[in-house]
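What follows is a short report on a single structure.
Bear in mind the structure is a predicted one, so any value in this text is a computation, not a measurement. A, B, ... follow the sequence lines: proteins, then strands. Residue 1 opens every chain.
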Protein chains: 2
Amino acid sequence: MKKTKQAQSDTETRATSEHTQALRLWLRMLACTNLIEAQIRSRLRTQFGITLPRFDLMSQLERSPEGLKMGELSKRMMVTGGNVTGITDQLVTEGLVVREDNPKDRRAYIVKLTPEGRKIFKKMAESHEKWIVELLGGMSEKERQQFHALLAVLKTHAGGVRPDQDR
Amino acid sequence: MKKTKQAQSDTETRATSEHTQALRLWLRMLACTNLIEAQIRSRLRTQFGITLPRFDLMSQLERSPEGLKMGELSKRMMVTGGNVTGITDQLVTEGLVVREDNPKDRRAYIVKLTPEGRKIFKKMAESHEKWIVELLGGMSEKERQQFHALLAVLKTHAGGVRPDQDR
DNA sequence: CCATGATAATTTACGATTCAAATATTAGAG
DNA sequence: CTCTAATATTTGAATCGTAAATTATCATGG
């Protein structure tokens, strides 16, 4: 694929170094994400007594004031339907969201934020955004733009790789 | 903090756009990581019948042939001690790792790969590395280097942010 | 109308994860 | 030596997450 001048760098060696480079890159990316995510989880818990998945679900609903079906939440949150059922149950118990019957299709509910849920979410979202700005604050504007562009490349490619099956 | 020439871009507006930029960046990063991680989990499960956490634990042990204490595993894997206990239990049941008594400190164990565990791990690691190369293959060599450097900046900063406590 | 297949959500069983509390051992001050 | 504090691990309860099976409803061809 690529030309190389060094005598040592035959296909074999190059492949290996490419491999460890990609692997290290992935491990670093994973570490960064986990680091930030752990901070967010911890702060949501100590300051608002909420978990990240519940916050995420509310966040989806806030963007869709007309409400969402369980299956739509599942797709958007990239988790299974069973999981959404559980998280929704708890938010309903806490009075932050409601399941409304859907007259068009009695198999499906419409899940919506309650007024209380919307009010509380707005407060949390404000803090959440500050935390993100703080945690990503080590990068300059330009670096963040570069980063965003690189992630777009990654997302497009990785998202296109077929699920499994192949060896 | 930064000067701006546009009349519209007062502090308020700029702050807001910086905020949503950082937020979008974070959401994209999270989505990418989850996408790749889900692929790896799925493939480890279908092709080797193992979970990602178990693979990770074995991976740590493979890098430390002399074995590791539970607490060291916990630190390196960035998970709680209780979690390590559970994952180790299962790997012990499967005969892939052993808990050895530590004569120096009877509170602590030394966890090691068994010969069988090491053999199996090597096979899995080989495939794992291929998958990573495949999934990150959308980026050029240069892009991967840039990405790695940007992650270093992020890791340093985010790792330095104090845990919680502050408003 | 009705049989069949697709779709929406839930349930069940299990693994992973966290936090907080409990247990066991070590280390150090007096 | 003994009390106390620190360290290493485990346990238990709660949440999150997946996959597979189940239930209820819809939609369509005959």
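Around the CD atom of A:Glu66, the shell of radius 6.0 Å holds more than 12 heavy atoms that belong to other residues, nucleotides or ligands.
Atom-to-atom, NZ of A:Lys75 to P of C:dT7 comes out at 10 Å; the value is rounded to the nearest Å. Here the C1' atom of nucleotide C:dA16 and the CE atom of B:Met58 are 17 Å apart, to the nearest Å. Distance CG (B:Leu44) to P (C:dA16): 12 Å, rounded to an integer number of Å. Summarising the geometry, the separation between CG on A:Leu52 and P on C:dT18 is reported as 13 Å, rounded to the nearest angstrom. With rounding to whole Å, B:Lys69 atom NZ is found 11 Å from C:dT26 atom C1'. The CD1 atom of B:Ile50 sits 13 Å away from the P atom of C:dG15 (whole-angstrom rounding).
Looking at B:Gln90 and B:Glu94, their side chains never bring a donor and an acceptor atom within 3.5 Å of each other.
Residue pairs meeting the ring pair (Phe, Tyr, Trp, His ring centres under 6.0 Å) criterion with at least one partner in residues 77-115 of chain B, sequence neighbours excluded, are absent. Sorted by first and then second residue, the pairs that involve residues 50-91 of chain B and meet ring pair (Phe, Tyr, Trp, His ring centres under 6.0 Å), not counting sequence neighbours, are B:Phe55-B:Phe121, B:Phe55-B:His128. Within the structure, ring pair (Phe, Tyr, Trp, His ring centres under 6.0 Å) pairs that include any residue of residues 132-156 of chain B comprise A:Phe147-B:Phe147 (at least two apart or interchain).
At least one donor-acceptor pair closer than 3.5 Å links the side chain of B:Thr33 to the backbone N or O of B:Met29. B:Ser42 contributes no side-chain N or O that, together with a main-chain N or O of B:Ala38, makes up a donor-acceptor pair within less than 3.5 Å. With hydrogens and angles disregarded, no donor-acceptor distance shorter than 3.5 Å links the side chain of B:Ser74 to the backbone of B:Met70. In this structure, the side chain of B:Arg144 engages the main chain of B:Met139 through a donor-acceptor pair within 3.5 Å.
Checking B:Val84 against A:Pro103, the closest nucleotide of DNA chain D that is more toward the 5' end is the one next to B:Val84.
Here B:Gly81 lies in heavy-atom contact (under 4.0 Å) with a base. If you check every strand for non-hydrogen atoms under 4.0 Å, A:Arg41 touches nothing. Contact annotation for B:Thr80: base contact, defined as any heavy-atom pair under 4.0 Å involving a base atom.
A sub-4.0 Å separation between OP1 or OP2 of C:dT11 and a side-chain N or O of A:Thr85 is absent.
Ionic pairing of B:Asp89 and B:Arg99 is present here: one or more N-O contacts between side-chain nitrogen and carboxylate oxygen are shorter than 4.0 angstrom. The pair B:Arg41-B:Glu37 meets the salt-bridge criterion, since a charged nitrogen lies less than 4.0 angstrom from a carboxylate oxygen.
In the 5' to 3' direction, nucleotides of DNA chain D lying under 4.0 Å from heavy atoms of chain A begin and end at D:dT15 to D:dC26.
Residues of residues 86-102 of chain A that place a heavy atom closer than 4.0 Å to DNA chain D, in numerical order, are A:Ile87, A:Gln90. A heavy atom closer than 4.0 Å to some atom of DNA chain D occurs in B:Arg107, B:Ala108, B:Tyr109, these being the qualifying members of residues 104-113 of chain B.
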